[in-house]
Amino acid sequence: MSVRVRFAPSPTGYLHIGGLRTALYNFLFARHHGGRFVLRIEDTDRTRYVPGSVEDILASLRWAGLEPDESPVHGGQYGPYVQSERTEIYRHHAAMLVERGMAYYAFDTPDELERMRQRQQAAGIAPRYDRSAMRNQFTLGEDETARLLAAGQPATIRLKVPLHGDVKFHDAIRGAIVVPYKDIDDQVLLKSDGFPTYHLANVVDDHLMAITHVIRGEEWLPSTPKHVLLYEAFGWTPPQFAHLPLLLNPDRSKLSKRHGDVAVRDYIAKGYFPEALVNFIALLGWNPSGDRELYTLDELIEAFSLEDVNKAGAVFDLAKLDWMNAQYLHRRVQTDLGSLIQQLRPLLSERGWNASDDYIGRVIVLVHERIHRLPEVVEFADYMFVPPRYDEEFFRTVWDDQSETLLRNLSSVIETTDPFTAEELHRRLNQFAAEKSIPFRRIGNLLRLAVTGKRVGAGMMDTIALLGKDETLRRIASLLSSVATLQGSPASDSDVEAQPS
RNA sequence: GGUCCCAUCGACUAAUGGUUAGGUCACCACCCUUUCAAGGUGGCGGUACGGGUUCGAAUCCCGUUGGGACUACCA
């Protein structure tokens, strides 16, 4: 039987980073085995539906390179792939279970159920549906049940869990799992609004869509016994289960918004590369060797195996993601500078900065080893596009009595440098430093102040060469005419604009 | 509270009974150097604890402790 797996998110908001990893493992497993990767939308809770979610899920998967083979938009022979369009199927199957005596009608109101739980809590017992004391098919009898149904009384259908015995199943990651029936609740399968719960819809769809492997988050492990029971009640063979370890916050709780961005959309917006994010999350909970970090999607497919998936949760460490993204940035600069230029230009335009593709490309090359994400260019190298703002603290540490004279001399050296290349600049300035017995460090810092305004930046000679002779001389002159202002506001935190020359 | 799952450096992980417990990120130091990075070299740092089984345990078993998930007519 050929492999068929599914990713089945609820459209309750943006695709979550944990959801992306679940989708990724499903995708890798499918591709590794030459199987099919199905996207199914589980929208059975109408109250939690968020418009736009499906579009975001699809767009995020596509961005990551995880295109489904079957989905609401890709179609397929097992559709529809949206659960709200399948309600008749679930109603039919729930009724089938009632007929077989594997499920039953219940008429309890939310208030009655709440009181039941309070009683149980007070008595110190686990809150569970009390089949023998509530209003249902068993306590009311067949005639009364039929009468209430005919009268249109709101009713749910609950799973009739056996009183004695155990459910056993095998998890590809966790091995054999055994749970006594007595610990399993009589789960609602069909809600009084006629919609199924997750448990019913999920099992019915996985069977009808010929899913062979259910690869999902560990949060589903506790309800898997119910699902197995459902397969048995229908007389179906359950799929293989594989429950993935959770993605964790730094405090080891389930990954959530409280500690930072969790939507894939946020990472796209911050300029992370899809191959970096995919590479990173692939290695959160799975590892083929332990001595290698960088994998292409094809290499991940080739190496992927459920046997190598870990059991313990994995903390999402942003610092390592940044490192990995930087690795991919270095690579892209070498192999595909054009795409980086295209990606960066809109961010520059937003600020009203315009430059040629060639110039943008050179700036990226100049600073790429100092940043992790491409959009950081905008903050890091703003001075490559607009006049510098002087960092006053840097000014105070660099500036002294002789700086003005020195700067004027440097201006002459730069003016007469030809060709205007980083190498020639370095040669001339070095020579100048030697002649005047000035540490090269002082020259570098002074020029850095004039040209960039700040302490940190790319190589000074390369920066000046790219900026050009005219602009460099202009900036030196600007600093010279700003000195009075800078010295006049010693306690101020704000940066000082370069003076127009 | 109940049920289930989990447990190797701060983080991600390798080692499927025999290694001085390996790699990556982070951190520290040094080299390189005009700043900051990148790169290179080195370092710090771990098998939660206690019992077994075995010639030999990170690895198998039991217990303890700790963490997590679940416990809805949400998924």
Side-chain angles (χ1 to χ4, degrees), chain A residues 8-12 42-45 47-48 106 108-110 113-114 117 120-121 124-128 154-158 171 173-174 177-180 182-185 187-199 201-202 217-225 243 245-246 248 250-254 280 283-294 307-308 310-324 326 330 367-372 380 394 398 426 429-430 433 439-449 452 454-461 463:
Chain A
S10 291
T12 55
E42 308 217 327
D43 59 343
T44 55
D45 183 358
T47 64
R48 293 214 305 158
D108 316 284
T109 65
L113 290 169
E114 182 52 36
R117 284 188 204 100
Q120 291 168 331
Q121 203 103 37
I125 52 177
R128 232 186 306 279
T156 61
I157 292 179
R158 283 181 180 267
D171 186 278
I173 295 167
R174 283 146 219 286
I177 293 176
V178 182
V179 179
K182 67 173 176 55
D183 292 325
I184 302 174
D185 204 2
Q187 183 67 50
V188 169
L189 301 177
L190 201 69
K191 299 182 255 184
S192 56
D193 65 1
F195 276 74
T197 58
Y198 169 88
H199 308 281
N202 193 263
E218 188 187 344
E219 68 267 30
W220 295 109
L221 197 54
S223 50
T224 304
H243 288 91
L246 261 20
L248 272 23
D251 68 358
R252 305 203 76 86
S253 58
K254 190 169 158 182
F280 179 66
L283 265 22
L284 250 30
W286 167 77
N287 205 298
S289 68
D291 59 359
R292 183 178 164 191
E293 302 293 333
L294 270 21
E307 283 77 62
D308 293 328
N310 297 128
K311 296 183 177 78
V315 173
F316 186 88
D317 179 15
L318 206 57
K320 189 160 184 179
L321 203 215
D322 280 338
W323 167 81
M324 193 168 278
H330 297 171
V367 304
H368 80 278
E369 282 179 345
R370 275 121 179 128
I371 58 177
H372 294 107
F380 188 88
F394 185 42
V398 166
H426 195 263
L429 290 168
N430 229 335
F440 195 78
R441 163 187 299 266
R442 273 196 72 195
I443 293 178
N445 275 341
L446 207 47
L447 286 174
R448 186 169 294 285
L449 174 66
T452 76
K454 45 192 170 190
R455 174 175 272 124
V456 172
M460 204 59 247
M461 302 307 130
T463 302

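Below, chain A is the first sequence line, B the second, and so on; all start at residue 1.
- Straight-line distance between the P atoms of B/rC25 and B/rG43: roughly 15 Å, to the nearest whole Å.
- B/rU54 and B/rC62 have their C1' atoms separated by 16 Å, given to the nearest Å.
- Note on A/Gly285: only backbone sugar-phosphate atoms sit closer than 4.0 angstrom, heavy atoms only; bases stay farther off.
- B/rC73 is unpaired under the criterion used here, namely a Watson-Crick or G-U wobble arrangement in which both key atom distances are under 3.5 Å.
- Of the C1' atoms belonging to B/rG22 and B/rU34, the separation is 39 Å, rounded to the nearest Å.
- Here A/Ala458 lies in heavy-atom contact (under 4.0 Å) with a base.
- Considering only side-chain atoms of A/Trp323, the nucleotide from B/rC25, B/rC12, B/rU35 that sits closest is B/rC25.
- Under the 30°/60° scheme for interplanar angles, the aromatic rings of A/Tyr198 and A/Trp220 are found to lie parallel.
- Note on A/Ser289: only backbone sugar-phosphate atoms sit closer than 4.0 angstrom, heavy atoms only; bases stay farther off.
- A distance of about 35 Å separates the P atoms of B/rG40 and B/rU59, rounded to the whole Å.
- With hydrogens and angles ignored, no donor-acceptor pair closer than 3.5 Å exists between the side chain of A/Arg455 and the base of B/rC36.
- At least one donor-acceptor pair closer than 3.5 Å links the side chain of A/Gln120 to the backbone N or O of A/Arg128.
- Phosphate contact (OP1/OP2 of B/rC70, side-chain N/O of A/Lys254, threshold under 4.0 Å): present.
- Rounding to whole angstrom units, NZ of residue A/Lys311 and C1' of B/rC4 are separated by 15 Å.
- At a threshold of 4.0 angstrom between heavy atoms, the contacts of A/Thr44 are confined to the sugar-phosphate backbone, with no base atom among them.
- Contacts of A/Met461 with the nucleic acid, taken as non-hydrogen atoms under 4.0 Å apart, include base atoms.
- Using a 4.5 Å heavy-atom threshold, the side chains of A/Pro245 and A/Lys311 count as separate.
- Within a 6.0 Å sphere centred on CZ of A/Arg292, heavy atoms belonging to other residues, nucleotides or ligands number more than 12.
- Rounded to an integer number of Å, the gap from CG of A/Asn202 to P of B/rA75 is 10 Å.
- For A/Leu284 and B/rA11, the CG to C1' distance is 10 Å, given to the nearest whole Å.
- Using a 4.0 Å heavy-atom cutoff across all strands shown, A/Gly457 reaches at least one base atom of the nucleic acid.
- Applying the 4.0 Å criterion to OP1 and OP2 of B/rA14, one finds that A/Asn310 has a side-chain N or O inside that range.
- Residue contacts shown for A/Pro196 are limited to sugar-phosphate atoms, with no base heavy atom under 4.0 Å away.
- Between A/Lys191 and B/rA75, a side-chain N or O to OP1/OP2 separation shorter than 4.0 Å is present.
- For A/Phe440, counting side-chain heavy atoms from C-beta on, the closest listed nucleotide (B/rU34, B/rA75, B/rA72) is B/rU34.
- Comparing the same atom, P, in B/rA14 and in B/rC6 gives a spacing of 15 Å after rounding to whole Å.
- Distance from the side chain of A/His330 is smallest to B/rA38 among B/rG1, B/rA69, B/rA38.
- In this structure, A/Val188 reaches the sugar-phosphate backbone alone: every heavy-atom distance under 4.0 Å involves primed, P, OP1 or OP2 atoms, never a base.
- By the 4.5 Å heavy-atom criterion applied to side chains, A/Met460 and A/Ile443 are not counted as neighbours.
- Nucleic acid contact class of A/Ile443 (heavy atoms, under 4.0 Å, all strands): none.
- When distances run from any side-chain atom of A/Arg48 to the nucleotides B/rC74, B/rG2, B/rC70, the shortest one goes to B/rC74.
- A sub-4.0 Å separation between OP1 or OP2 of B/rC73 and a side-chain N or O of A/Arg158 is present.
- You'll find the side chain of A/Glu218 reaches within 4.5 Å of the side chain of A/Leu246, heavy atoms only.
- With RNA chain B read from its 5' end, the first of the two nearest nucleotides for A/Phe316 and A/Glu219 is the one closest to A/Phe316.
- Of the two residues near RNA chain B, A/Ala314 and A/Pro110, the one whose nearest nucleotide lies more 5' is A/Ala314.
- For the pair A/Phe195/A/Asp45, no side-chain contact is recorded, criterion being any heavy-atom separation below 4.5 Å from C-beta on.
- At a threshold of 4.0 angstrom between heavy atoms, the contacts of A/Arg117 are confined to the sugar-phosphate backbone, with no base atom among them.
- A straight line from CD of A/Glu218 to P of B/rC6 spans 8 Å, rounded to a whole angstrom.
- Across B/rC74, B/rC73, B/rG2, the shortest atom-to-atom separation from the side chain of A/Asp45 is found for B/rC74.
- Distance, A/Phe280 CZ to B/rA11 P: 14 Å, rounded to whole Å.
- Distance CD (A/Glu114) to P (B/rC73): 10 Å, rounded to an integer number of Å.
- Distance noted for atom P between B/rU3 and B/rC60: 24 Å (whole Å).
- With both pairing distances under 3.5 Å, B/rA38 is matched to nothing as a Watson-Crick or G-U wobble pair.
- Across all strands, A/Leu189 comes closer than 4.0 Å to no nucleic acid atom at all (heavy-atom distances).
- Between A/Leu221 and A/Arg174, some side-chain heavy-atom pair lies under the 4.5 Å cut-off.
- Residue contacts for A/Arg252: at a heavy-atom cut-off of 4.0 Å it reaches the sugar-phosphate backbone alone, with no base atom in range.
- Taking atom NE2 on A/His372 and atom P on B/rA26, their separation rounds to 7 Å, with Å as the unit.
- Here the nucleotide nearest the side chain of A/Ile177, chosen from B/rC4, B/rA26, B/rG68, is B/rC4.
- OP1 or OP2 of B/rC36 has not a single side-chain nitrogen or oxygen of A/Arg441 nearer than 4.0 Å.
- If you check every strand for non-hydrogen atoms under 4.0 Å, A/Arg174 touches sugar and phosphate atoms only.
- One N or O donor and one acceptor, one from the side chain of A/Lys320 and one from the base of B/rU24, sit under 3.5 Å apart.
- Considering only side-chain atoms of A/Arg370, the nucleotide from B/rA75, B/rA14, B/rA37 that sits closest is B/rA37.
- For A/Arg448, taking side-chain heavy atoms from C-beta onward, the closest of the listed nucleotides B/rA11, B/rU35, B/rC70 is B/rU35.
- Applying the 4.0 Å criterion to OP1 and OP2 of B/rC4, one finds that A/Thr224 has every side-chain N and O outside that range.
- Rounded to whole Å, the C1' atom of B/rA29 lies 42 Å from the corresponding atom of B/rA69.
- With rounding to whole Å, A/Glu307 atom CD is found 18 Å from B/rU13 atom C1'.
- Side-chain contact between A/Thr224 and A/Asp171 is absent, with no heavy-atom pair separated by less than 4.5 Å.
- For A/Val179, counting side-chain heavy atoms from C-beta on, the closest listed nucleotide (B/rG10, B/rG23, B/rU3) is B/rU3.
- The side-chain heavy atoms of A/Met461 and A/Leu429, taken from C-beta on, include a pair separated by under 4.5 Å.
- Relative to the side chain of A/Glu293, the nucleotides B/rU34, B/rU24, B/rC4 differ in distance, and B/rU24 lies closest.
- The base of B/rC73 is paired with the side chain of A/Ser192 by a donor and an acceptor separated by under 3.5 Å.
- Straight-line distance between the P atoms of B/rU71 and B/rA75: roughly 11 Å, to the nearest whole Å.
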